[in-house]
Amino acid sequence: MSPVLDQAEIRALLPQRYPILLVDRVLELVTGERIVAEKAVSACEPCFEGLDGTGIGADRFAFPRPLLIESWGQAGGVLWAATRAAASRPGPEDGLPILAILRDCLFSREVVPGEVVRLEVRIDQVVGPNVFLTGTASVGDELVLTMASALAALRPPAALGEHAT
Amino acid sequence: MSGVAPVPAASDHRVAAPLAAVDDVRLREDGTIQATKRVVATDPYLRGHYPDFTIFPGVFLLEGIIQAFRAAVAPVAEGRLPEMVKLNSARYLSPFVPGDTIVLVLEPHAAEEKDHTRVKARAEKDGAVAARFDLTFRNAV
(Lines give C-alpha, C1' and ligand atoms only; values in the text may rest on other atoms or scores of the structure.)
Protein backbone atom coordinates (compact mmCIF):
# COMPACT_ATOMS: atom_id res chain seq x y z
CA MET A 1 0.00 0.00 0.00
CA SER A 2 1.44 3.38 -0.97
CA PRO A 3 1.65 5.87 1.87
CA VAL A 4 -0.61 8.92 2.08
CA LEU A 5 2.20 10.69 3.95
CA ASP A 6 5.85 9.90 3.28
CA GLN A 7 8.81 10.58 5.57
CA ALA A 8 9.30 14.10 4.19
CA GLU A 9 5.67 14.96 4.85
CA ILE A 10 5.82 13.41 8.32
CA ARG A 11 8.82 15.60 9.18
CA ALA A 12 6.91 18.67 8.08
CA LEU A 13 4.29 17.83 10.73
CA LEU A 14 6.34 16.35 13.60
CA PRO A 15 9.08 18.18 15.54
CA GLN A 16 10.81 14.95 16.64
CA ARG A 17 13.94 13.95 14.74
CA TYR A 18 16.36 11.05 14.46
CA PRO A 19 16.80 8.89 16.46
CA ILE A 20 13.50 9.44 18.26
CA LEU A 21 11.33 9.97 15.21
CA LEU A 22 9.31 6.77 15.51
CA VAL A 23 6.80 7.01 12.65
CA ASP A 24 7.97 5.71 9.26
CA ARG A 25 4.96 6.28 7.02
CA VAL A 26 1.26 7.00 7.11
CA LEU A 27 -1.12 4.64 5.33
CA GLU A 28 -4.48 6.22 6.13
CA LEU A 29 -5.37 9.69 7.34
CA VAL A 30 -8.73 11.31 7.96
CA THR A 31 -8.03 14.69 9.54
CA GLY A 32 -10.06 15.32 12.65
CA GLU A 33 -10.75 11.60 12.95
CA ARG A 34 -8.11 8.93 12.62
CA ILE A 35 -4.72 7.80 11.34
CA VAL A 36 -3.07 4.50 10.46
CA ALA A 37 0.74 4.65 10.44
CA GLU A 38 3.66 2.23 10.48
CA LYS A 39 6.88 1.94 12.42
CA ALA A 40 9.38 -0.73 11.37
CA VAL A 41 11.59 -1.90 14.23
CA SER A 42 15.21 -2.51 13.19
CA ALA A 43 18.13 -4.11 15.01
CA CYS A 44 20.09 -0.94 14.11
CA GLU A 45 18.12 1.24 16.54
CA PRO A 46 20.12 2.80 19.38
CA CYS A 47 18.13 0.87 22.02
CA PHE A 48 19.84 -2.35 20.87
CA GLU A 49 23.35 -0.89 20.90
CA GLY A 50 25.86 -2.84 22.96
CA LEU A 51 23.53 -5.77 23.52
CA ASP A 52 25.37 -9.06 23.06
CA GLY A 53 23.21 -12.11 22.41
CA THR A 54 25.32 -14.59 24.33
CA GLY A 55 23.35 -16.31 27.06
CA ILE A 56 20.18 -14.26 26.69
CA GLY A 57 16.90 -14.93 24.96
CA ALA A 58 15.13 -13.11 22.14
CA ASP A 59 12.86 -11.50 24.74
CA ARG A 60 15.78 -9.27 25.77
CA PHE A 61 15.58 -7.75 22.27
CA ALA A 62 11.97 -6.68 22.65
CA PHE A 63 11.50 -3.07 21.58
CA PRO A 64 11.23 -1.12 24.86
CA ARG A 65 7.60 -0.52 25.78
CA PRO A 66 8.12 3.17 26.58
CA LEU A 67 9.31 3.61 22.98
CA LEU A 68 6.17 1.84 21.75
CA ILE A 69 4.10 4.41 23.66
CA GLU A 70 6.22 7.19 22.15
CA SER A 71 5.76 5.77 18.64
CA TRP A 72 1.98 5.49 19.10
CA GLY A 73 1.90 9.01 20.53
CA GLN A 74 3.85 10.39 17.57
CA ALA A 75 1.33 8.84 15.17
CA GLY A 76 -1.25 10.79 17.17
CA GLY A 77 0.98 13.85 16.81
CA VAL A 78 0.93 13.51 13.02
CA LEU A 79 -2.86 13.17 13.05
CA TRP A 80 -3.26 16.19 15.27
CA ALA A 81 -0.82 18.38 13.31
CA ALA A 82 -2.47 17.39 10.03
CA THR A 83 -5.84 18.18 11.57
CA ARG A 84 -4.69 21.65 12.64
CA ALA A 85 -3.11 22.26 9.24
CA ALA A 86 -6.34 21.24 7.47
CA ALA A 87 -8.23 23.73 9.64
CA SER A 88 -5.78 26.45 8.54
CA ARG A 89 -4.44 26.67 12.04
CA PRO A 90 -0.70 27.16 12.49
CA GLY A 91 1.55 24.13 12.16
CA PRO A 92 3.99 22.62 14.65
CA GLU A 93 5.40 26.07 15.41
CA ASP A 94 2.36 26.91 17.53
CA GLY A 95 3.74 24.67 20.22
CA LEU A 96 5.29 21.33 20.96
CA PRO A 97 3.00 18.38 21.53
CA ILE A 98 3.51 16.96 25.02
CA LEU A 99 1.93 13.85 26.49
CA ALA A 100 0.07 15.04 29.58
CA ILE A 101 -2.02 12.06 30.72
CA LEU A 102 -2.11 8.38 29.75
CA ARG A 103 -4.79 6.00 30.98
CA ASP A 104 -5.08 2.23 30.83
CA CYS A 105 -2.40 1.27 28.36
CA LEU A 106 -2.41 -2.52 28.16
CA PHE A 107 0.49 -4.42 26.58
CA SER A 108 -0.21 -7.79 25.05
CA ARG A 109 2.72 -8.65 22.79
CA GLU A 110 6.41 -8.02 22.39
CA VAL A 111 7.84 -6.47 19.23
CA VAL A 112 11.26 -7.63 18.05
CA PRO A 113 13.61 -6.42 15.29
CA GLY A 114 12.23 -7.12 11.82
CA GLU A 115 8.61 -6.54 12.77
CA VAL A 116 6.41 -3.70 11.57
CA VAL A 117 4.11 -2.05 14.07
CA ARG A 118 0.79 -0.74 12.81
CA LEU A 119 -0.22 2.35 14.78
CA GLU A 120 -3.90 3.29 14.85
CA VAL A 121 -4.98 6.48 16.59
CA ARG A 122 -8.39 8.07 16.78
CA ILE A 123 -9.25 11.56 18.03
CA ASP A 124 -11.90 11.42 20.74
CA GLN A 125 -12.12 15.12 21.42
CA VAL A 126 -10.25 18.39 20.87
CA VAL A 127 -10.48 21.03 23.57
CA GLY A 128 -8.44 24.14 22.74
CA PRO A 129 -4.75 23.17 22.84
CA ASN A 130 -5.61 19.70 24.16
CA VAL A 131 -6.52 16.53 22.29
CA PHE A 132 -7.85 13.25 23.65
CA LEU A 133 -6.64 10.22 21.71
CA THR A 134 -7.38 6.51 21.80
CA GLY A 135 -6.17 3.54 19.78
CA THR A 136 -4.02 0.50 19.35
CA ALA A 137 -0.71 -0.80 18.05
CA SER A 138 -0.49 -4.19 16.39
CA VAL A 139 1.76 -6.52 14.44
CA GLY A 140 -0.17 -8.41 11.76
CA ASP A 141 -3.43 -9.40 13.42
CA GLU A 142 -1.96 -9.42 16.94
CA LEU A 143 -2.49 -6.54 19.32
CA VAL A 144 0.66 -5.02 20.80
CA LEU A 145 -0.93 -2.36 22.95
CA THR A 146 -4.30 -0.80 23.60
CA MET A 147 -4.40 2.80 24.78
CA ALA A 148 -7.75 3.64 26.39
CA SER A 149 -7.05 7.35 26.59
CA ALA A 150 -4.18 9.75 26.04
CA LEU A 151 -4.29 13.50 26.55
CA ALA A 152 -1.74 15.52 24.60
CA ALA A 153 -1.26 19.25 24.99
CA LEU A 154 0.42 21.89 22.87
CA ARG A 155 2.87 23.83 24.96
CA PRO A 156 4.85 26.87 23.80
CA PRO A 157 8.58 26.10 23.91
CA ALA A 158 9.14 28.96 26.38
CA ALA A 159 6.94 27.16 28.89
CA LEU A 160 9.14 24.10 28.66
CA GLY A 161 12.48 25.65 29.52
CA GLU A 162 13.77 26.97 26.22
CA HIS A 163 17.02 28.05 27.85
CA ALA A 164 18.09 24.42 28.00
CA THR A 165 19.99 23.16 25.00
CA MET B 1 21.35 7.52 53.93
CA SER B 2 20.81 4.80 56.50
CA GLY B 3 18.83 1.60 56.12
CA VAL B 4 19.19 1.38 52.37
CA ALA B 5 20.88 -1.15 50.16
CA PRO B 6 22.30 -0.09 46.81
CA VAL B 7 21.51 -2.41 43.96
CA PRO B 8 23.40 -3.14 40.73
CA ALA B 9 23.15 -0.81 37.76
CA ALA B 10 20.30 -1.35 35.35
CA SER B 11 22.79 -1.97 32.55
CA ASP B 12 23.64 -5.29 34.20
CA HIS B 13 20.30 -6.58 32.99
CA ARG B 14 21.36 -6.90 29.38
CA VAL B 15 18.09 -5.89 27.85
CA ALA B 16 17.17 -3.44 25.11
CA ALA B 17 16.85 0.05 26.56
CA PRO B 18 16.78 3.51 25.01
CA LEU B 19 19.19 4.87 27.61
CA ALA B 20 20.52 4.30 31.10
CA ALA B 21 17.45 5.91 32.64
CA VAL B 22 18.67 5.69 36.25
CA ASP B 23 22.10 6.53 37.65
CA ASP B 24 21.59 4.74 40.94
CA VAL B 25 18.88 2.70 42.61
CA ARG B 26 18.32 2.07 46.30
CA LEU B 27 15.95 -0.30 48.01
CA ARG B 28 14.81 1.11 51.34
CA GLU B 29 13.85 -0.85 54.45
CA ASP B 30 10.18 0.10 54.03
CA GLY B 31 10.14 -1.54 50.59
CA THR B 32 10.10 1.67 48.57
CA ILE B 33 12.62 2.05 45.78
CA GLN B 34 14.38 5.33 45.11
CA ALA B 35 16.36 6.13 42.00
CA THR B 36 18.00 9.23 40.63
CA LYS B 37 18.93 10.30 37.13
CA ARG B 38 20.72 13.46 36.09
CA VAL B 39 19.49 14.63 32.70
CA VAL B 40 22.28 15.46 30.26
CA ALA B 41 21.80 16.69 26.69
CA THR B 42 24.10 13.97 25.36
CA ASP B 43 21.85 11.15 26.63
CA PRO B 44 20.88 8.79 23.80
CA TYR B 45 17.85 9.86 21.73
CA LEU B 46 17.77 13.37 23.20
CA ARG B 47 19.29 15.12 20.20
CA GLY B 48 16.10 14.41 18.29
CA HIS B 49 13.87 15.58 21.13
CA TYR B 50 14.10 18.28 20.01
CA PRO B 51 16.82 19.60 17.65
CA ASP B 52 16.47 23.22 18.81
CA PHE B 53 16.26 22.55 22.52
CA THR B 54 16.11 19.48 24.67
CA ILE B 55 13.29 18.07 26.77
CA PHE B 56 13.66 14.71 28.49
CA PRO B 57 10.96 12.56 26.83
CA GLY B 58 8.17 11.76 29.28
CA VAL B 59 8.26 8.09 28.31
CA PHE B 60 11.85 7.92 29.56
CA LEU B 61 10.55 8.47 33.09
CA LEU B 62 8.63 5.23 32.56
CA GLU B 63 11.85 3.60 31.37
CA GLY B 64 13.51 4.78 34.58
CA ILE B 65 10.76 3.24 36.68
CA ILE B 66 11.12 -0.04 34.77
CA GLN B 67 14.90 -0.06 35.20
CA ALA B 68 14.69 0.86 38.89
CA PHE B 69 12.12 -1.85 39.58
CA ARG B 70 14.15 -4.49 37.75
CA ALA B 71 17.36 -3.46 39.52
CA ALA B 72 15.70 -3.58 42.93
CA VAL B 73 13.70 -6.81 42.69
CA ALA B 74 15.63 -8.90 40.15
CA PRO B 75 19.27 -7.77 40.40
CA VAL B 76 20.66 -10.97 38.85
CA ALA B 77 17.70 -12.22 36.81
CA GLU B 78 18.70 -14.94 34.35
CA GLY B 79 15.27 -15.65 32.92
CA ARG B 80 12.45 -13.31 32.05
CA LEU B 81 12.74 -9.91 33.66
CA PRO B 82 9.84 -8.13 35.33
CA GLU B 83 7.91 -6.43 32.57
CA MET B 84 5.41 -3.59 32.53
CA VAL B 85 2.18 -5.21 31.33
CA LYS B 86 -0.12 -2.29 32.05
CA LEU B 87 0.29 1.41 32.51
CA ASN B 88 -2.77 2.21 34.59
CA SER B 89 -2.08 5.92 34.53
CA ALA B 90 0.59 8.51 33.90
CA ARG B 91 0.21 12.19 34.63
CA TYR B 92 2.91 14.65 33.61
CA LEU B 93 2.98 17.97 35.44
CA SER B 94 6.29 19.55 34.47
CA PRO B 95 9.09 18.52 32.11
CA PHE B 96 12.73 17.75 32.81
CA VAL B 97 15.53 19.44 30.90
CA PRO B 98 19.32 18.98 30.90
CA GLY B 99 20.80 19.88 34.26
CA ASP B 100 17.75 18.62 36.18
CA THR B 101 18.00 15.70 38.55
CA ILE B 102 15.08 13.28 38.44
CA VAL B 103 14.22 11.54 41.70
CA LEU B 104 12.00 8.51 41.17
CA VAL B 105 10.15 7.04 44.16
CA LEU B 106 8.45 3.66 43.63
CA GLU B 107 5.98 2.07 46.04
CA PRO B 108 5.40 -1.58 45.09
CA HIS B 109 2.32 -3.50 46.30
CA ALA B 110 0.98 -6.96 45.56
CA ALA B 111 -1.37 -6.73 42.56
CA GLU B 112 -4.78 -8.38 42.31
CA GLU B 113 -3.43 -10.67 39.62
CA LYS B 114 -1.22 -13.57 40.73
CA ASP B 115 2.52 -13.06 40.13
CA HIS B 116 2.06 -9.37 39.38
CA THR B 117 3.13 -6.26 41.26
CA ARG B 118 1.42 -2.89 41.26
CA VAL B 119 3.80 0.04 41.46
CA LYS B 120 2.74 3.57 42.29
CA ALA B 121 5.54 5.95 41.43
CA ARG B 122 6.33 9.61 41.25
CA ALA B 123 9.06 11.68 39.68
CA GLU B 124 10.27 14.64 41.71
CA LYS B 125 12.21 17.71 40.66
CA ASP B 126 13.66 19.91 43.40
CA GLY B 127 11.35 18.24 45.91
CA ALA B 128 8.16 18.89 43.92
CA VAL B 129 6.17 16.20 42.14
CA ALA B 130 6.72 16.47 38.37
CA ALA B 131 4.89 13.28 37.30
CA ARG B 132 2.82 10.46 38.80
CA PHE B 133 2.51 6.88 37.59
CA ASP B 134 0.59 3.70 38.35
CA LEU B 135 1.96 0.56 36.66
CA THR B 136 1.40 -3.17 36.81
CA PHE B 137 4.41 -5.47 36.37
CA ARG B 138 4.46 -9.16 35.62
CA ASN B 139 7.02 -10.51 38.07
CA ALA B 140 10.31 -12.10 37.07
CA VAL B 141 10.05 -15.77 36.12
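Convention: sequence-line order gives letters A, B, ...; per-chain numbering from 1. Only this structure's heavy atoms are used, side chains among them; waters, hydrogens and symmetry mates stay out.
A/Ile101 CD1 to B/Arg91 CZ: the interatomic distance, rounded to the nearest 0.5 Å, is 3.5 Å.
In the hydrophobic clustering of this structure, A/Leu106 does not group with B/Leu135; members are Ile, Leu, Val, Met, Phe, Trp, Tyr whose side-chain heavy atoms approach within less than 4.5 Å, directly or through other members. Note on A/Val30: it does not cluster hydrophobically with A/Val126, by side-chain heavy-atom contacts below 4.5 Å among ILVMFWY residues. Each of A/Leu102 and A/Phe132 belongs to its own hydrophobic cluster when Ile, Leu, Val, Met, Phe, Trp and Tyr are linked at side-chain heavy-atom distances under 4.5 angstrom. Side-chain heavy atoms closer than 4.5 Å link hydrophobic residues (I, L, V, M, F, W, Y) into clusters, and following such links, possibly through other members, connects A/Leu154 to A/Leu13. In the hydrophobic clustering of ILVMFWY residues, with side-chain heavy atoms under 4.5 Å counting as a link, A/Leu151 and A/Trp72 come out apart.
Using a 4.5 Å cut-off between heavy atoms, B/Phe96 makes no contact with chain A at all. Heavy-atom distances place both the backbone and the side chain of B/Pro18 under 4.5 Å from chain A. Neither the backbone nor the side chain of B/Leu46 comes within contact range of chain A; no heavy atom of the residue lies under 4.5 Å from a heavy atom of that chain.
Contact of the A/Ile20 side chain with the B/Phe60 side chain is registered, since non-hydrogen atoms from C-beta on lie closer than 4.5 Å. Residues B/Leu81 and A/Arg60 form a side-chain contact, since some pair of their non-hydrogen atoms from C-beta on lies under 4.5 Å apart. In this structure the side chain of A/Asp59 never reaches within 4.5 angstrom of the side chain of B/Glu83, judged on heavy atoms. Taking the side chain as every heavy atom from C-beta outward, B/Ile55 and A/Leu96 approach each other to under 4.5 Å. Proximity of A/Leu67 to B/Tyr45: side-chain heavy atoms (C-beta onward) are separated by under 4.5 Å at one or more points. When side chains are defined from C-beta on, A/Pro66 counts as touching B/Ile66, because their heavy atoms get closer than 4.5 Å.
Of all heavy-atom pairs between A/Pro15 and B/Pro51, the closest is O-CD, 3.7 Å. Nearest heavy-atom pair, B/Met84 versus A/Ile69, reported as atom, atom and distance to 0.1 Å: CE-CD1, 4.5 Å. A/Leu99 and B/Tyr92 make their closest contact through O-CD1, 3.3 Å (heavy atoms, listed as atom of the first residue, atom of the second, distance). Residues B/Ala16 and A/Pro64 share a closest heavy-atom pair of O-CG, 3.7 Å.
For B/Arg14 (side chain) and A/Thr54 (main-chain N/O), a donor-acceptor pair under 3.5 Å exists by modelled atom type.
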Would you please test A/Asp104 and B/Leu87 for side-chain contact (heavy atoms from CB on, under 4.5 Å) and show each step? CA-CA 6 Å; A/Asp104 291 333; B/Leu87 174 61; over 6 Å; no
Salt bridge (charged side-chain N to carboxylate O under 4.0 Å, His left out) evaluation trace for A/Glu110 with B/Arg138: CA-CA 13 Å; A/Glu110 289 172 348; B/Arg138 183 197 64 226; 5.3 Å; no
Check step by step if side-chain contact (heavy atoms from CB on, under 4.5 Å) holds for A/Glu70 and B/Glu63. CA-CA 11 Å; A/Glu70 178 70 22; B/Glu63 180 66 27; over 6 Å; no
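Along residues 137-147 of chain A, no residue comes nearer than 4.5 angstrom to chain B, judged on non-hydrogen atoms. At a heavy-atom cut-off of under 4.5 Å, chain B is reached by A/Glu45, A/Pro46, A/Cys47, A/Phe48, A/Leu51, A/Asp52 from residues 39-52 of chain A, listed in order of number.
Atom NZ of B/Lys125 is surrounded by more than 12 heavy atoms from other residues, nucleotides or ligands within 6.0 Å. Under a cut-off of 6.0 angstrom, the local environment of CZ in B/Arg132 is sparse, with at most 12 non-hydrogen atoms contributed by other residues, nucleotides or ligands.
Listed options B/Pro44, B/Gly58, B/Ala131, B/Ala90 were ranked by heavy-atom pairs under 4.5 angstrom with chain A; first place goes to B/Ala90. Of the listed residues (B/Leu61, B/Leu19, B/Leu62, B/Asn88), the one with the most heavy-atom contacts under 4.5 Å to chain A is B/Asn88. Comparing A/Gly57, A/Cys105, A/Gly73, A/Gly55 by heavy-atom pairs within less than 4.5 Å of chain B, the highest count is held by A/Cys105.
Applying the side-chain hydrogen bond (donor to acceptor under 3.5 Å, both in side chains) rule to pairs touching residues 10-22 of chain A yields A/Gln7-A/Arg11, sequence neighbours excluded.
Judged as a salt bridge (Lys or Arg N to Asp or Glu O under 4.0 Å), and not counting sequence neighbours, the contacts of B/Arg118 are B/Asp134.
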